[in-house]
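Note sheet for the following structure.
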Amino acid sequence: MSDEHASPADPGPPSALLAELTHRCPLRCPYCSNPLELERRSGELATADWMRVFDEAVALGIRHVHLSGGEPTARGDIAELIAHARTAGLYTNLITSGVLMNEGRLDGLIDAGLDHLQLSIQDIDAEGADRIAGLEGAHVRKLELARQVKQRGIGFTVNAVIHRHNIHNLERMIDFAVEMDAGRLEVAHVQYYGWALKNRAALIPTRAALDETTRIVSEAAERLKGRLAFDYVVPDYYARYPKPCMGGWARTGLNVTPSGKVLPCHAAETIAGLDFDNVRDRSLAEIWSSSPAFLAFRGTGWMEEPCRNCERREVDWGGCRCQAFAFTGRATATDPACSLSALHAEMVEIAERESAATSPDFAYRQF
Ligand code: SF4
Ligand code: FES
């Protein structure tokens with residue numbers, strides 16, 4: 001993004017495209033970021049559509065594509081898509097659960113031009129990890145893939161989604177990332193929309209457990225400086241101010257769903273009343289500049305009090321629209337993660353009550 005012309009209403013071009021190639025996935029994680037209504041294979045964009053989307057992304061100024069899902073390797077054309085994205089000039093990152101990969105497939109993707117692989121782990125013990133993933137044998141396959149990636153030496157990030165069932169193993173997850181020569185570890189506390197909101201009582205940690213992860217991450221980030229970089233995402237139910245979700249609505253990136261809908265954030269479909277343009281009908285550039293869903297909360301003009309006159313309004317951009325909608329039923333409301341929101345105390349009370357109670361069973365993601 002060029003700061004020269006960036007303004008609240010005109011953020012310049014986006015820097016990254018999240019391409020959700022498919023919602024198909026053998027795992028059933030109860031915090032999946034996909035919508036509750038999953039897209040079927042018959043509705044997915046064809047290979048040629050995705051190739052055109054990548055070309056349009058480059059024309060718009062995008063430099064990074066994150067190939068995601070569901071499980072992106074469930075698509076038989078994944079190598080072709082990587083090759084096209086790479087030739088078009090995009091840095092390619094594959095976000096994968098790893099369970100559909102083997103050595104031959106990995107080499108095929110690297111030959112096609114894959115720059116970086118991001119592997120999710122559900123825990124560090126196989127039993128706990130497979131229970132969260134809802135698939136027996138998943139963890140062993142992930143470990144195997146991590147070893148193969150380590151041998152190949154391509155860019156490698158480990159992604160660990162953290163919640164009350166694996167939070168005690170964080171130090172071992174850090175050791176694993178170091179052992180696998182990952183350059184980056186994402187320690188991402190669950191964010192509560194969609195499937196995760198449905199499972200909040202089963203997932204949300206206590207404030208004390210959250211504080212302990214913060215301590216562990218800052219100590220490890222200092223100790224491992226130059227060797228392992230950290231991305232740390234906290235659940236802002238306990239925060240004083242919300243996170244600047246997505247770097248602000250429609251400011252830094254866009255998301256194309258398996259059927260071609262273009263969203264300002266991966267969870268935007270959880271907000272009722274927004275209509276999304278489709279890459280089958282309009283170009284990415286048109287959608288970025290004028291799609292009603294993108295303009296709805298871009299900048300600061302949509303804000304209500306207390307955001308409207310708050311000195312942090314261009315720091316956190318009012319927090320997260322999806323969280324505001326999930327909690328209040330109105331996407332223009334101040335994110336209740338903010339201590340200035342009238343609903344903040346209620347949010348904290350829910351987090352404290354649910355995290356102190358016995359965890360209910362997971363409601364697993366399913367078609
Ligand atoms: Fe951010 Fe709005 Fe809270 Fe101010 S009032 S800190 S802009 S969420
Ligand atoms: Fe959609 Fe935060 S997840 S704006």
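Each ligand, and each atom within it, is numbered from 1 in the order the structure gives.
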Check contact between Gln323 and ligand 2, using heavy atoms of the residue and a distance below 4.0 angstrom.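 Flag not set, Gln323 not near ligand 2.
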Metal site atom 2 (Fe) of ligand 2: N/O/S of Cys245 inside 2.8 Å: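 Yes.
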May I ask you to check whether Cys322 brings an N, O or S atom to under 2.8 Å from atom 2 (Fe) of ligand 2?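 No - counting backbone and side chain alike, Cys322 has no N, O or S atom under 2.8 Å.
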Looking at [X], which atoms of ligand 1 are within less than 4.0 Å of one of its heavy atoms?
X      : answer
Arg312 : 6 (S), 7 (S)
Gly318 : 8 (S)
Tyr241 : 6 (S)
Arg313 : 7 (S)

Could you verify whether a donor N or O on one side chain and an acceptor N or O on the other, from Glu56 and Ser283, lie under 3.5 Å apart?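 There is no such pair between these side chains.
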Regarding Ser290 and Arg282, is there a side-chain donor-to-acceptor distance under 3.5 Å anywhere?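 Yes, because at least one side-chain N or O of Ser290 sits under 3.5 Å from a partner of the opposite role on Arg282.
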Find all atoms of ligand 2 within a distance of less than 4.0 Å from any non-hydrogen atom belonging to Cys320, and give their numbers and elements.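 With Cys320 as reference, the close atoms of ligand 2 come out as 2 (Fe), 3 (S), 4 (S).
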Just jot down the ligand 2 atoms closer than 4.0 angstrom to any heavy atom of Arg321, in number order.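 Within the 4.0 Å cut-off of Arg321, ligand 2 contributes 4 (S).
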Relative to atom 8 (S) of ligand 1, which among Pro242, Ala333, Ala337 owns the nearest non-hydrogen atom?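 Of the listed residues, Pro242 has the closest heavy atom.
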Nearest protein heavy atom to [atom], by residue and atom, and its distance?
atom                    : value
atom 7 (S) of ligand 1  : Asp316 OD1, 3.4 Å
atom 2 (Fe) of ligand 1 : Cys307 SG, 2.3 Å
atom 4 (Fe) of ligand 1 : Cys310 SG, 2.3 Å
atom 1 (Fe) of ligand 2 : Cys265 SG, 2.2 Å

Looking at ligand 1, would Leu340 count as a contact under a 4.0 Å heavy-atom criterion?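 Per 4.0 Å heavy-atom rule, Leu340 contacts ligand 1.
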I want to check a possible cation-pi pair here: Arg308 against Trp302, using under 6.0 Å from ring centre and within 45° of the ring axis as the test.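 Not flagged: Arg308 not positioned over aromatic ring of Trp302.
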Distance under 6.0 Å and angle within 45° of the ring axis: does Arg312 meet both against Tyr241?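 Yes; both conditions hold, so Arg312 lies above the ring face of Tyr241.
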Do the charged groups of Lys261 and Glu269 touch, with an N to O distance under 4.0 Å?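 A salt bridge links Lys261 with Glu269.
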Answer yes or no: is there an ion pair linking Asp335 with Arg321, defined by an N-O contact shorter than 4.0 Å?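 Here Asp335 does not pair with Arg321 in a salt bridge, since their nearest N and O are not under 4.0 Å apart.
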Test side chain to side chain contact (heavy atoms under 4.5 Å, CB included) applied to Tyr237 and Leu210, Val348, Ile204, the passing residue: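 For Tyr237, the side chain to side chain contact (heavy atoms under 4.5 Å, CB included) check succeeds only for Ile204.
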Report the relative orientation of the aromatic rings in [X] and [Y]; use parallel for angles under 30°, tilted for 30 to 60°, perpendicular for over 60°.
X      : Y      : answer
His116 : Tyr91  : tilted
His163 : Tyr31  : tilted
Phe362 : Tyr364 : perpendicular

Metal site atom 2 (Fe) of ligand 1: N/O/S of Cys338 inside 2.8 Å: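 No, since none of the N, O or S atoms of Cys338 sits under 2.8 Å from atom 2 (Fe) of ligand 1.
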